Asks: 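Mind looking over this structure? Questions follow.
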Amino acid sequence: MNSVYLNGSYMPLQEAKISPMDRGFLFGDGVYEVIPSYSGKTLGFDLHIDRLNRNLKEIDIELHLDNKYWQDITDTLLAQNPSENTGIYFQISRGADTKRLHAYPKNITPTIFAFAFDIAPPKPADKLKVIGLKVTTDQDQRWKRCHLKSTSLLGNIMHYHQGQTAGVNETILYNDKNELTEASACNVFIVKDKVLSTPPLSYQLLGGITRHILLDIVRKHTLLKVQERIISIDEVRQADEIWITSSSKEIAPVIELDGQAVGDGKVGDVWERTQAVFNQHKVDY
C-alpha cells in the first residue's frame, strides 16, 4: 500500500493518525463504503456514493460534498496504488470531540479516511473454474438497523468469526421468525425451480450495490423470474442453488450449507449462465 487519504491529504499509511477522541474510535460513530474497480474502472460508483450520502444523512453527519470530490479521491488512490483489481474503502466518522459523550456533539469536523486494497479478480463464467463456498447458518444477533452501512460491525464480526471457526467461508443469518436476512458480510439469493429469490430490503439487511446491479441485469435480460420476498431458512436449505453477493465477492456460488450439499454439491448451471451475462453488462454501471 503506497498511500492513503486522510482529511484532505495523501500520505503513507504509517503516517496517518487520528485522535483517540474520534467518535469513530470511541463509538463506531460513522459509516463506510467499499467501491470495487477492475483494470482502473470502478463498478457502480454513483450507486455507492448515493448510498454513502443516504447513510450520512440518516445519522446526521453533514458533509455536502459532490460526487466529484469522491471521484477525485478514488482516481488518485487508484493511481498511487496501482493494481489490476482494487477496492477503495471510504470511512467517515462524526469526528473528534474534547470529551466522551453519547449525544451528538455540535461544531466538530467529520473525519474522512480512504485507502486502496487488493480484491479478487472477476469470476469467470465457467462453473468448472470456480470454487464454490461452504457456509453455515445462525440466528441473527445484530442490531435493528442493518440497512445502515455503519462502522459498528461487532455483531457482523462475531457471526463471521463463528463461520471461520467452523471452517467455512460465511454465515447465513435468519431472524427470530426463521426468515432469511443476509449473511454476515453479504446479501443472499436462492434459486429454486429457475426462480431467483432474495429478501426484500428492510432494516434487517443492507441494500448491497452488487445485489442492486444483479437484480437489474437479471430483470433487463429476462434471465430468470425474480422475487423479492420473505424466505424461510427451510427454503434456503431446500434451494437448488445459493449465491452470496458483495462488492468484493461479486456473485459467489455456495455448494455446502451446514455440512450438507446444496443441490448436487457443485456450482450450478443457473449461476454459470447468470455470471456470464453479469460479466458482460456490469460495465454499464
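From a predicted model like this one, the values you see are computed outputs, not experimental measurements.
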Asks: Enumerate the residue pairs fulfilling salt bridge (Lys or Arg N to Asp or Glu O under 4.0 Å) with a member in residues 150-167, sequence neighbours excluded, ordered by first and then second residue.
Replies: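 Passing the test, one end in residues 150-167: no pairs.
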
Asks: If two hydrophobic side chains count as joined below 4.5 Å and joins carry through other members, does Tyr104 share a cluster with Met21?
Replies: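 The answer is no; the residues belong to distinct hydrophobic clusters.
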
Asks: Are the side chains of Glu182 and Pro199 in touch, meaning some heavy atoms are under 4.5 Å apart?
Replies: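 Glu182 does not reach Pro199 side chain to side chain.
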
Asks: To the nearest 0.5 Å, how far apart are CD1 in Ile59 and CZ in Arg145?
Replies: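 Result: 10.5 Å between the selected atoms.
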
Asks: Which atom pairs, one a donor and one an acceptor, fall under 3.5 Å between side chains of residues 119-131 and the rest of the protein, sequence neighbours left out?
Replies:
unit_1, atom_1, unit_2, atom_2, d
Lys123, NZ, Lys249, O, 2.6
Asp126, OD1, Leu128, N, 2.9
Lys127, NZ, Asp269, OD1, 2.2

Asks: As an exercise, state the distance from CZ of Phe278 to CG of Asp216, rounded to the nearest 0.5 Å.
Replies: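 It is 10.5 Å, given to the nearest 0.5 Å.
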
Asks: Do any pairs count as a salt bridge (Lys or Arg N to Asp or Glu O under 4.0 Å) and have a residue in residues 184-203, sequence neighbours left out, and if so which ones?
Replies: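 Qualifying pairs, neighbours excluded: Lys192-Asp240.
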
Asks: List in chain and number order the residues that pass side-chain contact (heavy atoms from CB on, under 4.5 Å) with Lys134, two or more places apart in sequence or in another chain; answer none if no residue qualifies.
Replies: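 Checked Lys134 against side-chain contact (heavy atoms from CB on, under 4.5 Å); matches are Val168, Asn169, Glu256.
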
Asks: I need the single residue from Leu173, Ile242, Ile231, Thr198 that forms a side chain to side chain contact (heavy atoms under 4.5 Å, CB included) with Val188. Which is it?
Replies: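 Per the side chain to side chain contact (heavy atoms under 4.5 Å, CB included) rule, the option paired with Val188 is Ile242, out of Leu173, Ile242, Ile231, Thr198.
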
Asks: Return the set of residues passing side chain to side chain donor-acceptor pair (under 3.5 Å) with Gln139 (not counting sequence neighbours), or none when no residue passes.
Replies: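 For Gln139 there are no side chain to side chain donor-acceptor pair (under 3.5 Å) partners, ignoring immediate neighbours.
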
Asks: Once rounded to the nearest 0.5 Å, what's the spacing between atom CD1 of Ile217 and atom CG of Asp284?
Replies: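 Atom-to-atom, Ile217:CD1 and Asp284:CG are 7.5 Å apart.
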
Asks: According to ring-ring contact (aromatic ring centres under 6.0 Å, His included), does anything in residues 209-242 pair up with another residue at least two apart or in another chain? List the pairs.
Replies: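 Checked against ring-ring contact (aromatic ring centres under 6.0 Å, His included) - neighbours excluded - the pairs reaching residues 209-242 are His221-His281.
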
Asks: How long is the gap from OH on Tyr285 to CD1 on Ile209, to the nearest 0.5 Å?
Replies: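 So the gap between those two atoms works out to 12.0 Å.
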
Asks: Within the 3.5 Å criterion, strictly below it, is a donor on Glu170 or Ser184 matched to an acceptor on the partner's side chain?
Replies: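 Note: Glu170 and Ser184 side chains meet the donor-acceptor criterion.
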
Asks: Restricting to salt bridge (charged side-chain N to carboxylate O under 4.0 Å, His left out), what partner residues turn up for Lys68, sequence neighbours left out?
Replies: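 Checked Lys68 against salt bridge (charged side-chain N to carboxylate O under 4.0 Å, His left out); matches are Asp72.
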
Asks: Please enumerate all residues that pass side-chain contact (heavy atoms from CB on, under 4.5 Å) together with Met11, with sequence neighbours excluded.
Replies: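 In terms of side-chain contact (heavy atoms from CB on, under 4.5 Å), with neighbours along the sequence ignored, Met11 is linked to Val4, Leu6, Ser9, Glu15, Ala16.
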
Asks: Assess whether side-chain contact (heavy atoms from CB on, under 4.5 Å) is satisfied between Val254 and Trp243, documenting all intermediate values.
Replies: CA-CA 6 Å; Val254 175; Trp243 310 340; over 6 Å; no

Asks: Donor-acceptor pairs under 3.5 Å, side chain of residues 29-44 to any protein atom, not counting sequence neighbours: which ones?
Replies:
unit_1, atom_1, unit_2, atom_2, d
Asp29, OD1, Arg94, NE, 3.3
Asp29, OD1, Arg94, NH2, 3.0
Asp29, OD2, Arg23, NE, 2.7
Asp29, OD2, Arg23, NH2, 3.1
Asp29, OD2, Arg94, NE, 2.7
Glu33, OE1, Arg51, NE, 3.3
Glu33, OE2, His48, ND1, 2.7
Glu33, OE2, Arg51, NE, 3.1
Glu33, OE2, Arg51, NH2, 2.3
Ser37, OG, Thr86, O, 3.0
Tyr38, OH, Glu250, OE2, 3.2
Ser39, OG, Glu84, OE2, 2.5

Asks: Before you tell me yes or no, could you show the steps for Gln238 and Asp234 under side-chain hydrogen bond (donor to acceptor under 3.5 Å, both in side chains), namely the whole-Å CA-CA distance, both residues' side-chain angles and the distance that decides it to 0.1 Å?
Replies: CA-CA 6 Å; Gln238 298 300 317; Asp234 288 337; over 6 Å; no

Asks: Who passes side chain to side chain donor-acceptor pair (under 3.5 Å) against Asp138, sequence neighbours left out?
Replies: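 His159.
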
Asks: In this structure, which one of Asn175, Asn178, Leu257 forms a side chain to side chain contact (heavy atoms under 4.5 Å, CB included) with Ile233?
Replies: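 The passing option is Asn178.
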
Asks: Check this for me: does any side-chain nitrogen of one of Asp50 and Arg54 sit under 4.0 Å from a carboxylate oxygen of the other?
Replies: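 No salt bridge links Asp50 with Arg54.
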
Asks: Can you tell me how far apart OG1 (Thr76) and CD1 (Ile88) are? Round to the nearest 0.5 Å.
Replies: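 Those atoms lie 9.5 Å apart.
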
Asks: Kindly say whether Gln14 contributes a backbone atom to a donor-acceptor pair with the side chain of Lys17 at under 3.5 angstrom?
Replies: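 Answer holds: yes.
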
Asks: Out of curiosity, Ile61 CD1 to Asn53 CG, how far, rounded to the nearest 0.5 Å?
Replies: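 One finds 11.5 Å between CD1 of Ile61 and CG of Asn53.
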
Asks: Taking side chain to side chain donor-acceptor pair (under 3.5 Å) as the definition, give me every residue that meets it alongside Ser93, ordered by chain and number, with sequence neighbours left out.
Replies: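 In terms of side chain to side chain donor-acceptor pair (under 3.5 Å), with neighbours along the sequence ignored, Ser93 is linked to Asp22.
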
Asks: Got a sec, which residues hit ring pair (Phe, Tyr, Trp, His ring centres under 6.0 Å) with His161, two or more places apart in sequence or on another chain?
Replies: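 In terms of ring pair (Phe, Tyr, Trp, His ring centres under 6.0 Å), with neighbours along the sequence ignored, His161 is linked to no residue.
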
Asks: Under the side-chain contact (heavy atoms from CB on, under 4.5 Å) rule, what do Gln227 and Val195 come out as? Steps first, then yes or no, please.
Replies: CA-CA 7 Å; Gln227 296 179 341; Val195 176; 3.8 Å; yes

